[in-house]
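A quick write-up on the structure given underneath.
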Amino acid sequence: MSNVVSNNTSEVQSDVKKVVLPKTSESEHLKRIRHTTSHVMAMAVQKLFPKAQVTIGPWIENGFYYDFDSPEPFTEKDLKAIKKEMAKIIRRKLPVVREEVSRDEAKSRIQAINEPYKLEILDDIKGDPITIYHLGDEWWDLCAGPHLESTAELNPDAIALESLAGAYWRGDETKAQLQRIYGTAWETPEQLTEYRRRKEEAIRRDHRKLGKELGLFVFSDLVGPGLPMWTPKGTLLRSTLEDYLKQEQIRRGYLPVVTPHIGRVDLFKTSGHWQKYRDDLFPMMADGDEARQHEDGFVLKAMNCPFHVQIYKSELRSYRDLPLRLAEFGTVYRYEQSGELGGLTRVRGFTQDDAHLFVTPEQLDDEFLKVVDLIQTVFHALNLTNFKARLSFRDPDLDKYIGGDDAWEKSQNAIQRAVETLGLPHFMGIGEAAFYGPKLDFMVQDALEREWQLGTVQVDYNLPERFDLEYVAEDGSRQRPVMIHRAPFGSLERLIGILIEEYAGDFPLWLAPVQIRLLPVTESHLPFARQVAADMRAQNIRAEVDESGERLGKMIRNAEKAKIPIMSVVGDKEVEAQALSIRTRASGELGQIPIAEVTERLAAAIANFSNF
RNA sequence: GCCGAUGUAGCUCAGUGGUAGAGCACUCGAUUCGUAAUCGAGCGGUCAGGGGUUCAAAUCCCCUCAUCGGCUCCA
């Protein structure tokens, strides 16, 4: 009875001894282990590939990596050889010795071994002395440490080399591409096993896998990469989310609008997007070569703001009209780099829950706070608690932004004030701003611990300027409004990807594409089941009947695999009693409940975002 | 876009130079069944696509496409 958990999901079994995994950022010891392991790996690599040059090799949350410049590309087989070599080094119990040297001394030693990357790294190290860490007397690298005292403290069975990747020197794609080896190292082999188990579990939650299994969305090579298509079940999920937010927005004074999927190039020239993102748009549609030459054509929209701005501009606005909140579930297309695409989290066609608020400067703070409140409300309703707010400000050293310093100051201050007023925990993201303004971004992690932006609020003084927006103030003067761009979900695609992983496919009742499935014990009970389901659908309950004609056990199994929250067995007893035998995914069998009561409770639970 | 890996039936996968396989799904037949898989039969593949090597290619080589892990980018 206790085990209602399906055996193909990943829940931790209570009888398995729990291994606690330390975090690198919180464990000095683990930092030392990973630092030292990365040095051992680098030494092993240079032993096997003498031409390989060593660059940088830090610890990361789940392990470490090291970047090499090697004329011969590493292969998966090489990883095995490197791992073997590492074990050898570890068994030799080499002491790890810290040495302090002067800048000049470091320089001459680097020149002696001819490692130009190290020279660049040396230039970056501020202050003296320079620290060098030696492994025995055969290998050393510039390193701030700290390290273990000896390779003897490492356990080869707690170390694994995980993957190969390309990585640009200094993260700059115009510079040399290096080869990165990712590895992981733990205090004990048990920790490594646990780490691997968690990784497996994460893969089971992967929305690409679950989306396929649950039949929510599909891709097609013929349609094209990064262009998801939503199945009937996925579409139910999507529209439930849409309906929820639409309702919430209407309550908050948003006005719905609809705008086209394409617009003239000139529109995007005015906004500045064309100059900035031309290559990231699907190619222009132009009627003939001459039109093409003059850039007199149309492009698929990659954002909705310029369209909403045109609606704003369609009439003379009074201060009495503001704030004007124009909202649209707008589908946009971005020609993302092929290597960037993945599942639903990064796609080429997606729908933003977009809105643009046109406000007076005096209204800015208040409206901004209201938007943050909406986002928090939405995240709460979705049970997304594991997010971090990021202040995405401009990097003053870069010149990829439009607008004057004054506008930027004002915008960034408005965001700063908002998070302070709310006491919202946040972190800084310098250089993460949009080109027209700073943002407050709500960041979440997927199952594989990659960070994604969902909700966003942006303050913008620049587009109102570029489009020459105005309103008539109380004194009759023409004033410029401020714009707030905002999207609580960010995009429906990404949100759903994240939600699938967050819930591991077990959607809460109100979101579940199918809320209840009726299972007729024999085919003779089908008409009864169909009637009950139809009555439930009339109450806006997403009910369906298992028409397979399978045996009950099989139907239950299928419903469990489909992660349907509620099952109802209908047989002679139920027809007789005008009741339903209820089995929930969360709590197992609940026994017989009269049909009217089931319907009523279901409808109430759905309305309250609660369980049955 | 770059580095690396992968691509066999709708799905999950086996098959390393000699006649394409399994389980599930699907269709049909039998069974009419009470809380996680009834039995049997059948259907289903240009082995991602194209080119090459070979007497012979899913298997070896080249190109393209897609997917995955990273990097870069992300309005």
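Within every chain, numbering begins at 1; the chains are lettered A, B, ... in the order of the sequence lines, protein sequences first and strands thereafter. When reading the values below, keep in mind they use all heavy atoms of this one structure, side chains included, and skip hydrogens, waters and symmetry mates.
A:G171 comes within 4.0 angstrom of sugar-phosphate atoms only, judged by non-hydrogen atoms across all strands, and of no base. At the heavy-atom level, A:G343 lies under 4.0 Å from the strands shown only through sugar-phosphate atoms. A:L341 comes within contact range of the sugar-phosphate backbone alone, with a heavy-atom separation under 4.0 Å but no base atom that close. Within 4.0 Å of A:A167, counting heavy atoms only, lie sugar-phosphate atoms of the nucleic acid but no base atom. Within the 4.0 angstrom heavy-atom criterion, no nucleotide atom of any strand lies near A:R170. Note on A:A302: a base of the nucleic acid sits closer than 4.0 angstrom, heavy atoms only. Across all strands shown, A:L448 has heavy atoms under 4.0 Å from sugar-phosphate atoms exclusively, and none from any base. Among the heavy atoms of the strands lying under 4.0 Å from A:G339 is at least one base atom, whether or not backbone atoms are also near. Within 4.0 Å of A:Q179, counting heavy atoms only, lies no atom of the nucleic acid at all.
Under a cutoff of 6.0 Å and an axis angle of 45°, A:R180 and A:F68 do not form a cation-pi pair.
For A:R346 and B:C73, a side-chain-to-base donor-acceptor distance below 3.5 Å is present, hydrogens and geometry of angles not being considered.
Straight-line distance between the P atoms of B:A20 and B:G45: roughly 14 Å, to the nearest whole Å. Spacing of C1' atoms, B:U19 relative to B:U59, comes out at 15 Å, to the nearest Å. Distance check on atom C1': B:A75 versus B:G52 gives 46 Å, rounded to whole Å. B:G4 and B:G44 have their C1' atoms separated by 35 Å, given to the nearest Å. When the C1' atom is used for both B:U12 and B:G7, the distance is 14 Å, rounded to whole Å. B:C47 and B:A57: their C1' atoms are spaced 11 Å apart (whole Å). For the C1' atoms, the distance from B:C11 to B:G69 is 23 Å, rounded to whole Å. Using C1' as the reference atom, B:A25 and B:A37 are 13 Å apart when rounded to the nearest Å.
Comparing B:A36, B:G34, B:G1 by their nearest atom to the side chain of A:R557 picks out B:A36. Comparing B:U32, B:G1, B:G4 by their nearest atom to the side chain of A:E173 picks out B:G1.
Judged by ring centres under 5.5 Å apart and planes tilted less than 30 degrees, A:Y277 stacks against the six-membered base ring of B:A75.
The distance between atom CG of A:L463 and atom C1' of B:A75, rounded to the nearest whole Å, is 10 Å. Note: NZ (A:K561) to P (B:G23) measures 15 Å, nearest angstrom. One can place CG of A:D441 at 8 Å from P of B:A75, the figure rounded to the nearest angstrom. Atom OH in A:Y182 sits roughly 4 Å away from atom P in B:C71 (whole-Å rounding). The separation between A:L79 atom CG and B:A5 atom C1' is 11 Å, rounded to whole Å. Nucleotide B:C65 holds its C1' atom 16 Å from the CZ atom of A:F219, rounded to whole Å. Atom CG in A:D546 sits roughly 19 Å away from atom P in B:U32 (whole-Å rounding). Here the P atom of nucleotide B:C73 and the CD atom of A:E336 are 13 Å apart, to the nearest Å.
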### Query
Would A:Q458 and A:L440 count as a side chain to side chain contact (heavy atoms under 4.5 Å, CB included) if you check the C-alpha gap in whole Å, the side-chain angles of each, and the deciding distance to 0.1 Å?
CA-CA 6 Å; A:Q458 308 167 10; A:L440 177 62; over 6 Å; no
### Task
Show your working on side chain to side chain contact (heavy atoms under 4.5 Å, CB included) between A:N462 and A:W408 and close with a plain yes or no.
CA-CA 9 Å; A:N462 285 310; A:W408 278 89; 3.8 Å; yes
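Not counting sequence neighbours, the partners of A:S38 by the side-chain contact (heavy atoms from CB on, under 4.5 Å) test are A:F64, A:Y66. Applying the salt bridge (charged side-chain N to carboxylate O under 4.0 Å, His left out) criterion to A:D441, with sequence neighbours excluded, gives A:R390, A:K439. Judged as a salt bridge (charged side-chain N to carboxylate O under 4.0 Å, His left out), and not counting sequence neighbours, the contacts of A:E451 are A:K388. For A:Y277, the side-chain contact (heavy atoms from CB on, under 4.5 Å) partners two or more places apart in sequence, or in a different chain, are A:H273, A:D280, A:F435. In this structure, the side-chain contact (heavy atoms from CB on, under 4.5 Å) partners of A:L210, at least two apart in sequence or on a different chain, are A:E213, A:I500, A:K563.
For B:C73, there is no paired nucleotide, since no Watson-Crick or G-U wobble pair has both relevant distances below 3.5 Å. Figure legend. B:C13 is base-paired to B:G21; pairs are counted as Watson-Crick or G-U wobble with both atom distances under 3.5 Å. Shown here, B:U38 forms a base pair with B:A30; the pair counts as Watson-Crick or G-U wobble because both key distances fall under 3.5 Å. With both pairing distances under 3.5 Å, B:U59 is matched to nothing as a Watson-Crick or G-U wobble pair. Base pairing annotation: B:G7 forms a Watson-Crick or G-U wobble pair with B:C65, both donor-acceptor distances under 3.5 Å. In this structure, B:U53 makes no Watson-Crick or G-U wobble pair, since no nucleotide meets both defining distances under 3.5 angstrom.
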Show me the side-chain donor-acceptor pairs of residues 565-573 of chain A shorter than 3.5 Å, one per line, residues at least two apart or across chains.
from   : atom 1 : to     : atom 2 : distance (Å)
A:D572 : OD1    : A:H525 : NE2    : 2.7

Counting only pairs under 3.5 Å, give me each side-chain donor-acceptor contact of residues 224-233 of chain A, with atom names and distances, residues two or more places apart or in other chains.
from   : atom 1 : to     : atom 2 : distance (Å)
A:T231 : OG1    : A:G215 : O      : 2.6
A:T231 : OG1    : A:L216 : O      : 2.8
A:T231 : OG1    : A:G234 : N      : 3.2

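Distance alone, capped at 3.5 Å, is enough to place a donor-acceptor pair between the A:Y401 side chain and the A:D395 backbone. One N or O on the side chain of A:Q46 and one on the backbone of A:A52 form a donor-acceptor pair closer than 3.5 Å.
Contact annotation: A:K439 side-chain N/O to B:A75 OP1/OP2 distance is under 4.0 Å. OP1 or OP2 of B:C68 sits under 4.0 Å from a side-chain N or O of A:R208. Contact annotation: A:R180 does not reach the phosphate of B:G4 (side-chain N/O to OP1 or OP2, under 4.0 Å). For the pair A:K212 and B:U12, the criterion of a side-chain N or O lying under 4.0 Å from OP1 or OP2 is met. The side chain of A:K554 contributes no N or O atom lying less than 4.0 Å from OP1 or OP2 of B:C39. Listed pair A:R551 / B:U35 fails the phosphate criterion, with no side-chain N or O lying under 4.0 Å from OP1 or OP2.
Interface residues of residues 570-582 of chain A facing RNA chain B, ordered by number: A:G571, A:D572, A:K573, A:E574, A:S581; criterion, heavy-atom separation under 4.0 Å.
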List, with names and distances, any nitrogen or oxygen atoms from the protein found under 3.5 Å away from nitrogen or oxygen atoms belonging to nucleotides 26-29 of chain B.
none

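Using the six-membered ring where Trp is involved, A:F49 and A:F74 have ring planes that are tilted, between 30° and 60° apart. Ring-plane geometry between A:H356 and A:H485 is classed as perpendicular, the angle between the planes exceeding 60 degrees on a 0 to 90 degree scale with a lower cut at 30.
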